[in-house]
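The structure under discussion appears below in the form of structure tokens.
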Amino acid sequence: MSDDDDCRDIQSLLRRAHDVPPPEPGFVRRLGERLARELSATPSKSEHLPAHTLRLRRRLWLLIPAAAAAIALVAVAVHLWPRSEDGGAQVIVVATALDSAPAPVTRPGDLPENLIRFQVACVLKGKLADKFITTRTPTAAGEFIGKQWVLLLSPEFMAGKHQYADCNWIKAEAEVKAILSKLSDVGSREPAWGEPVNGLRLGLYPTDRKGDGKVRLMAVLENVSTDDLTVNLGLMLGNGKKQLPTAVRLIFTSADGKKRILERKIGAIAGRIDAFGVPLAAGCRYTIACNLTEYYDDALLSGLALAPGRYRVTAEFVGKVPANTTALALMYYWSGTIESDMLQVTLPAKTAKQEVRP
Amino acid sequence: VTDAELLRLVQTGDAAALETLYQRCLPSVWRYVCARVGGNQHVAEDIVSETFLAALRSVATFVPASGPAIAWLIGIARHKLADHRRAAAHVPGAMPSDVGRESSTFASVDARDQVLVVLDQMPDEERQVLEWKYLEELPIAVIAERLGRTEKAVEALLYRARRAFRELAKTDVPSN
């Protein structure tokens with residue numbers, strides 16, 4: 001057999017073995033789009049983040065040592081200063097500079113000085129009954145106002161002998177606050193879990209992921225079994241364009257024991273309804289953001305309109321096998337009812353309709 | 001641009017490189033998977049999707065020195081195929097994945113399986129170069145570019161691949 005014959009023979013065998021239909025163009029397009037979405041959503045690809053995001057990220061990393069240094073500074077001030085033999089601070093406070101006024105001249109010809117009024121935020125060492133203190137400084141007042149300071153108040157200051165105090169500006173105050181709030185937010189994200197039923201459990205936690213001060217409720221379903229599950233979260237409209245997790249509802253209990261059951265608003269429906277089926281592989285979680293403006297009280301047929309105050313809130317998930325017969329409805333759905341553990345929240349007075357605080 | 005270079009660009013988040021790599025490799029991966037599930041397009045779509053998604057998620061683990069990018073992708077597809085077969089074996093009443101073969105004669109199905117068995121025994125690079133050359137009919141220059149090798153090296157590889165195919169097929173595959 002010549003080389004050409006050999007090649008033709010191999011080609012023929014390969015073609016017969018791979019006589020398969022080509023992929024559907026729709027499939028090729030959808031998969032391509034999904035891959036592009038996955039790529040853009042992959043967090044590790046920092047090289048392709050927008051420049052301002054990269055700058056923010058770098059700044060955050062720089063702020064961590066800055067914040068650590070500031071905290072260390074406070075710690076050193078608190079722990080070392082009192083041990084010195086002379087000039088040890090009798091009282092150490094964290095205070096915010098409120099306003100200032102020119103200080104009266106002690107001796108003619110002295111440089112101008114300022115009186116700075118501080119509001120005490122907390123006392124780190126010693127005892128101080130006053131909520132406001134005033135110090136005297138030659139430093140320009142503008143450098144003080146609006147910032148938080150660590151003030152080291154000597155025994156002479158406390159005795160009223162002079163008004164000079166050692167001021168250490170918490171330079172990374174804003175950064176420290178941001179980092180602490182992020183840390184507390186991370187800490188608060190472990191949901192209040194309810195008891196698992198047939199391998200599924202429900203949790204609830206508040207979060208402030210948007211950083212606007214408003215805390216939202218997040219319901220989390222977790223498959224704690226070793227088997228894969230599918231849950232029916234509610235319904236989908238418009239071929240999945242609108243997904244309504246109606247199977248999760250929130251139960252608010254006020255301080256006087258009154259219960260309000262809030263369910264997800266549906267609105268007008270025109271067209272086919274599909275099951276909101278979510279596969280939950282063993283160990284996986286699915287989080288549902290519960291925006292309270294989208295929930296209503298079924299008993300009152302009205303919006304949330306809860307009175308301001310403290311509430312205990314739990315989430316409840318009622319899993320049902322969908323009634324319709326779409327392909328999703330053929331899945332093996334988890335069925336039953338589970339509840340999250342209880343969470344304490346406060347509805348503030350001004351925006352009780354949509355805000356909660358942990 | 002070689003496939004490996006494209007994968008390196010994908011590692012840095014380059015969407016255009018991903019698109020190019022996807023368009024290049026999809027025919028090979030599709031053909032590999034679809035032929036091994038008996039032409040069942042639905043099953044093939046699932047496995048090919050899983051393959052590309054898994055590849056994208058673990059793209060950082062790709063080491064160019066370990067072989068061509070397509071071999072890496074086919075390796076993932078092979079694992080996904082095995083996963084699919086394992087899962088199908090545990091589902092009572094599940095349809096065998098080789099539906100779609102009804103139109104073929106028993107003899108041709110047998111021969112096809114034997115060719116696939118032979119191909120599966122070959123090194124990934126040799127099998128791939130055979131497929132590119134005789135199924136996709138890519139010019140040697142294009143194959144060389146994708147593999148990042150010279151044309152001479154690709155011709156040598158192709159020669160070795162043909163010889164290996166013949167050696168392995170001697171007893172298994174009926175001659176055309």
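Options B:Glu131, B:Arg57, B:Glu19, B:Gln23 differ in how many heavy-atom pairs under 4.5 Å they form with chain A, and the most are formed by B:Arg57. Ranking A:Val28, A:Val20, A:Leu35 against chain B, the residue ahead of the rest is A:Leu35, based on heavy-atom pairs under 4.5 Å. Taking A:Gly32, A:Pro21, A:Ala36 one by one and counting their heavy-atom pairs under 4.5 Å with chain B, the maximum is reached by A:Pro21.
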Intermediate values then yes/no, side-chain hydrogen bond (donor to acceptor under 3.5 Å, both in side chains), B:Arg127 and B:Tyr32: CA-CA 10 Å; B:Arg127 179 183 44 72; B:Tyr32 178 87; 5.6 Å; no
Stepwise side chain to side chain contact (heavy atoms under 4.5 Å, CB included) check, A:Gln243 with A:Leu237: CA-CA 6 Å; A:Gln243 301 175 356; A:Leu237 308 175; over 6 Å; no
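Atom CD in A:Glu222 sits 11.0 Å away from atom CG in A:Leu229 (nearest 0.5 Å).
Contacts between B:Tyr22 and chain A at a heavy-atom distance below 4.5 Å involve the side chain alone, from C-beta outward. Proximity to chain A is limited to the side chain of B:Gln41, based on heavy atoms less than 4.5 angstrom apart. For B:Leu18, the part lying under 4.5 angstrom from a heavy atom of chain A is the side chain only. Heavy-atom distances place both the backbone and the side chain of B:Leu130 under 4.5 Å from chain A.
In this structure, the side chains of B:Leu7 and B:Val59 come closer than 4.5 Å at one or more pairs of heavy atoms.
Under the 30°/60° scheme for interplanar angles, the aromatic rings of B:Trp30 and A:Phe27 are found to be tilted.
Here the closest non-hydrogen pair linking B:Leu26 and B:Val48 is CD1-CG1, 3.7 Å.
Under the 6.0 Å cut-off for aromatic ring centres, A:Trp193 and A:Tyr205 do not qualify, their centroids lying 6.0 Å or more apart.
Among residues 133-150 of chain B, the residues having any heavy atom closer than 4.5 Å to a heavy atom of chain A are, in sequence order, B:Tyr134, B:Leu135, B:Glu137.
More than 12 heavy atoms of other residues, nucleotides or ligands lie within 6.0 Å of CD in A:Glu33, so this atom counts as buried by the packing criterion.
Defined by atom type and a distance below 3.5 Å, a donor-acceptor pair is present between the side-chain atoms of A:Ser225 and A:Asn223.
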